[in-house]
Amino acid sequence: MTKPLILTDVEGTTSSISFVKDVLFPYARNALPEFVHENSDNPDVRRWLDTVAAENGGICTDEMIVETLQGWIDEDRKHTALKALQGLIWQDGYLSAEFAAHIYPDAAKALKQWREQGHTLAVYSSGSVPAQKLFFGHTDAGDLLPLFAAFFDTEVGHKREADSYRNIAARLNRPAGEILFLSDVVEELDAARDAGMRTALIDRREDYPEPRTGEATHGHHRVESFADVRPA
Ligand SMILES: CSCCC(=O)C(=O)COP(=O)(O)O
Ligand SMILES: [Mg+2]
């Protein structure tokens with residue numbers, strides 16, 4: 001019998017919200033002005049800067065674009081252009097070992113066990129796919145990149161839209177009912193369930209001091225760590 005595929009979110013699920021909010025975001029926010037100034041002629045960067053400019057009416061200086069991006073970071077806006085640029089900036093931080101990506105010990109242990117048991121593992125995060133690969137390649141539990149068979153970001157669709165999960169199931173060539181999606185955000189789980197996926201709400205006290213119970217779970221199976229997730 002085919003083992004369920006496990007699709008996991010990152011921030012608030014495999015890893016702490018505080019690492020993303022207190023390490024990754026400030027690092028990117030502070031590095032943006034110099035990064036844009038030094039890389040504005042790089043096509044891989046300019047394509048995203050032009051996307052941001054287009055959303056600001058098209059006539060923007062790079063300084064105005066930087067201000068917009070820093071505002072989006074402050075708002076935790078999950079904009080694909082911002083996430084792509086953040087991923088390019090974070091590469092320097094990981095490769096220079098200024099930081100390692102946080103991974104909860106229960107998540108690292110469970111992901112390795114599930115892989116050994118034959119489950120296919122994949123990631124769906126607002127962080128860009130390159131940023132996800134950097135993240136899992138440089139965790140405080142070592143290089144976990146080999147555990148994962150596929151990575152998805154908001155280029156497949158936004159995380160609160162059911163079609164995004166339909167697209168992911170199609171790209172994985174698996175029936176949605178054979179996929180278990182793990183996330184800390186109930187609205188993401190709602191969208192995954194609407195697409196036919198199984199779901200589990202990861203409700204960690206470190207990230208959510210007030211437990212989400214009863215109606216707050218939106219009927220999703222609630223656990224406080226990966227140790228309590230039952231993939232089969
Ligand atoms: C894994 S790359 C950095 C994470 C990030 O930028 C982000 O916004 C994570 O949001 P998620 O969808 O994983 O909750
Ligand atoms: Mg999350």
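We count ligands from 1, going down the list as the structure has it; atoms in each ligand are counted the same way. On a predicted model such as this, the values are computed, not experimentally measured, just so you know.
- Considering both main-chain and side-chain atoms, Ser126 comes within under 3.5 Å of ligand 1 through a nitrogen or oxygen pair.
- For Glu11, the nearest N, O or S atom to the Mg ion (ligand 2) falls under 2.8 Å.
- As for Asp184, its N/O/S atom nearest the Mg ion (ligand 2) is the one called OD1.
- Among residues two or more places apart in sequence or in another chain, the ring pair (Phe, Tyr, Trp, His ring centres under 6.0 Å) test is passed with Phe148 by Phe136, Phe151.
- In this structure, Lys159 forms a cation-pi arrangement with Tyr124, its terminal cationic atom sitting closer than 6.0 Å to the ring centre and no more than 45° off the ring axis.
- Of all the atoms in ligand 1, the ones that sit under 4.0 Å from a non-hydrogen atom of Asp9 are 11 (P), 12 (O), 13 (O), 14 (O).
- Within ligand 1, the atoms closer than 4.0 Å to a non-hydrogen atom of Val10 are 1 (C), 13 (O), numbered from 1 in the order shown.
- Judged by the 6.0 Å distance and 45° axis criteria, Arg204 is positioned over the aromatic ring of Tyr104.
- Residue-environment remark: CD (Glu34) stays at or below the threshold of 12 foreign heavy atoms within 6.0 Å.
- Heavy atoms from other residues, nucleotides or ligands lying under 6.0 Å from NE2 of His218 number more than 12.
- Looking at ligand 1, you won't find any N or O of Ser128 less than 3.5 Å from one of its N or O atoms.
- Between Ser125 and ligand 1, at least one N/O pair is under 3.5 Å apart.
- Distances between N or O atoms of Lys78 and those of ligand 1 include at least one value under 3.5 Å.
- Distances shorter than 4.0 angstrom occur between a heavy atom of Trp90 and an atom of ligand 1.
- Below 4.0 Å from some heavy atom of Gly127 lie the following atoms of ligand 1, by number and element: 2 (S), 5 (C), 6 (O), 7 (C).
- Aromatic ring centroids of Tyr94 and Phe99 lie under 6.0 Å apart.
- Checked by distance only, ligand 1 and Lys159 come closer than 3.5 Å through their nitrogen or oxygen atoms.
- Closest N/O/S atom of Asp9 to the Mg ion (ligand 2): OD2.
- Summarising the local packing, NZ of Lys133 is surrounded by 12 or fewer heavy atoms from other residues, nucleotides or ligands at distances under 6.0 Å.
- Residue Lys83 has at least one nitrogen or oxygen atom sitting less than 3.5 Å from a nitrogen or oxygen atom of ligand 1, judged on distance alone.
- Classified by interplanar angle (parallel below 30°, tilted 30° to 60°, perpendicular above 60°), the ring pair His79/Trp72 is parallel.
- Both the sub-6.0 Å distance and the 45° axial angle are not jointly satisfied by Arg29 relative to the ring of Phe25.
- Among the atoms of Glu11, some N or O lies under 3.5 angstrom from an N or O of ligand 1.
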